[in-house]
Amino acid sequence: MTKRSGVLAAFVAFATAAACVGGGGDEGADGTIASQTGGNCIVVDIATSPEKIDLLTELARDFQGTGTEVNGSCIQVRPSRKSSGGAMAALAKGWDEAVDGPRPVVWSPASSAWGAVLNQRLESQGKPALVGEGEPFMLTPLVIAMPRPMAEALGWPDKALGWSDILSLASSNRGWADFGHPEWGQFRLGKTNPNYSTSGLSALIAQTYASTGKTSGLSAEDLLRPETEAYARGVESAVVHYGDTTLTFLNNWARADRRGTALLYVSAAAVEEKSVIDYNAGNPDGVLDPGEQPQKPRVPLVAIYPKEGTLYSDNPFFVVDADWVSEDEKAAAAAFSEFVQRPENQEKVLRFGFRPGNPDVAIGAPIVAANGVDPTQPQTLLDVPTPRIMDALLTRWDLQRKEARVLMVIDVSGSMGDAAGGGSRETKLDLAKRAAINALDLFKDTDEVGLRVFTTDPNAGNTPVIRDLLPIEPIGPNKERVRREIDALFPVAGTPLYDVAQQSFADVLSGYRADRINAVVLLTDGRNDDGRRDDDETQRTTLITTLRQATDGETGRPVRVFPIAYGQEADLDTLRQVAEATNAAVYDAGNPASIDAVFTSVISNF
Amino acid sequence: MKRLLALVVAVALVVGAVVLRSRLDSSGGSGADVAAGGSGGAAGALRLGCIEELRAVCEALDAADDDLTVVIEPAGSTMRTLTAPDASAPIDGWLTFAPLVGVVAIERQQKLLDPILGQPEAVLARSPLGISIWPERADALTATCGELTWRCLGERAGERWSALGGQETWGTLRVTNPSPVDSGAGLLTVGHIGVSYFGGASFSTNDIRGDAGFGAFFDRVEQLVPTTSSPFEDQLRFERAKFDAVGVVTAQAEPVIARSRYRDGGLRLVVPQPAAFAEVVLVPVLGAPGAAGAARARDDVVDALVDAGWDAVDGAAGAPGPASSGLPADGVLIALRTLFEEVIR
């Protein structure tokens, strides 16, 4: 409680006088008002998971309007986007502002589970915990999203479904034929990488609990049981690819839906309830770009709340207990936390498809059955495992996840020899090589990785040169060889982008393995340049058409092409079309300095 | 010129504010600038420790009295401070549940320490201990057990609802109570659970340890579904997904439910039999500079308790104890708390 005092009265008087005569604050030498964007205010930097950046920005603006102060200082709240896993990793490493952005006073990942993972990582380094209990800001449960016809084929809504049903489907050679729909092919699952994605982490926890029959107290012994191992491998065997965000699945699903092939892309995906609402509203990634009009899907999704139990993404507010956070900043953070919990602000989270964290606020639209979700669910909440068990889960997942078969294709055109910029003396190829070498450690030894480079031969009329430095083989025994080959790359001449994309796709398809994620990672900094301009448009059209036709026959053999648009001159538009045609995702490394992080994101798909 | 004018006006306003303030102070207006948790202790000032369950009461007291500083913290934290060999609690009085005073006294005695708290003279207010439960689940259990009691809940904890008259989709019966190590309500609730099992409050520590059936029963209640730091809040926030039934203090739970999304019968408070009560007392910290103020604050505290939904107590009711609370002796509560720690380890 604030008590009145002579000192405070004097301060108010002084401020009032200044406001009446001179303007809103101290006048600077040039007559301008002192900046309210941090200059005299306590700044509360918030590292927030991306899905709530718009909401938090709006709330921060509203909060500023209240004039709340701490010890006489105004407060400025600055939310910035940071993936939950990315922020966790940054905090575990001590947070490098040059790479990670402003050091946060508040960290709001999508789930409290990330706090447990962080504290465990710190403990293993002999460091103290950085976060305690965070108050849930808004909630959304993890669900298994499924096209309505498929869910109905399994007995939804009358029959309770869950991970055991997913396992049965994943384990069946007959796929959907077991349910009277051979035309849907094999069961395919979309599931993100739990090292980076909250949905992926929650799904991993939930499927593990399901394998034990427990809802709390997951133990190290549970993880070592052969049944748990078999269950995990069974579920993972159906995954089409991983990735660091569920939005890839949702956007690809929406595109497939527009082509009438939604049932052939994936059969189910582990996503947040909020994403089902967004998807069914015609906004699959939850963000409407300027000019974008929502287009409702032909085949809506329904949310299956796993009968074995699930977890909430509870979006906690963690006040970071670090030496860079002052007592004033902690008090300011607490004030903002109290503000967002107020009923009038909690009403806003509903607009974004989340359930209010404040139980004083009723759950209502859009969390209604008409949107494919059920406000009376979930009926069983799973306990977040201990930090030690979380760490063990992630370690075991690295072994249990579906293996990959990847052809890495790297552009060695002349422009890759250009300076990377930003004051660096290194070339774009230098940075790309280092990032690719670092990325090798993200594969497991049994993943199969090949290396291909492409350019043109200036001495032969700029004919395309597509050279395999290493065939697709298990990376384990070959890691050093791959490293050396990458390290030896040097820039040459042109960029036969269309040729290499088509050929690489065809080559991976020819050696397709159903028990693996088959993919091409294609890095290029330029546009198609094979010495002939007159056929570029035809080549491009043929490429996209070929990729799409081979992919739309999804009952066959999907090969995903993950392009990396490197630098400002890369043909991002074409690369995006290539990715979309193969139901993958394009990665934008427009700033060459970001290539390391981008490679990490790309490899998170495996 | 503009700046000079601003400065003159500012100085005039400052001087005026200080003069006005001085006049207010000399006429008896509050003058102490004491923040919550500050050193206080000056003549006329009272530093009142409050358990978390009485937060609403203590915040109201704090708002109404500039001479009062409240220190609100979990009961377990205060008890650990008060039972430490070098205890120097920054409070003059403690507003708490009666048995906690007895527990502190026993634990200090066991450590050969002098008493630190005065004896509670009378119960200021009381409220029944209850169970917060979803209505349809209460109905199913009542039909199964005949009456909803802790014994009913404990004996069936962990069973599938489909075998208890409920629906398969409800999963298993999940029962919890706050931790008796950290929470005052938790300590009273484990006592109430024991009362339900033994059919009365006169059971002893030997009964707890010697009755194998009680051990298994208590195990089911406390271990099957781990509690959380705020189980009632979690029940409200996560609805039926988290807990089916949570032990609460009725006066604490009623206003929370009344303003929540469950206000129209969405969540039910049951007072299981045999009834037991949380009895609120105000005790001085012996030797604290403002301890005398604790007694003087009694009437204001009673008013604040009643305003917050606690039941007033007839002044002739006398000192608190098992006869009035329906709970076992303080030493038995300590034994139950110890058993809880063993069960959840």
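The chains referred to below are lettered A, B, ... by the order of the sequence lines, with proteins before strands, and numbering in each begins at 1.
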### Query
Are A:K159 and B:E168 ion-paired here, with the side-chain N under 4.0 Å from a carboxylate O?
no

### Query
So does A:D383 pair up with B:K242, basic N to acidic O under 4.0 Å?
yes

### Task
Would you indicate whether A:R342, at its atom CZ, is surrounded by more than 12 heavy atoms from other residues, nucleotides or ligands within a distance under 6.0 Å?
yes

### Task
Give, as side chain, backbone, both or neither, the part of B:I257 having an atom under 4.5 angstrom from any heavy atom of chain A.
neither

### Message
Rounded at 0.5 Å granularity, tell me how far CH2 in B:W170 sits from OG1 in A:T380.
### Response
12.0 Å

### Query
Roughly how far, to the nearest 0.5 Å, is OG of B:S230 from CD of A:E133?
6.5 Å

### Message
Keeping B:R261 on the side-chain end and A:V361 on the backbone end, is there a donor-acceptor pair under 3.5 Å?
### Response
yes

### Message
Is it the case that the side chain of B:R237 and the backbone of A:P359 share a donor-acceptor pair, with hydrogens and angles ignored and the cut-off at 3.5 Å?
### Response
no

### Residue pair A:I363 / B:E239: nearest heavy atoms and the distance that separates them
CD1-OE2, 2.8 Å

#### Entry: Closest non-hydrogen atom pair, B:R259 against A:D360
NE-OD2, 3.1 Å

## Note on the structure
Whatever's closer than 4.5 Å to a heavy atom in chain B on A:P356 counts as both

### Message
Is the shortest side-chain heavy-atom distance between B:F238 and A:L139 below 4.5 Å?
### Response
yes

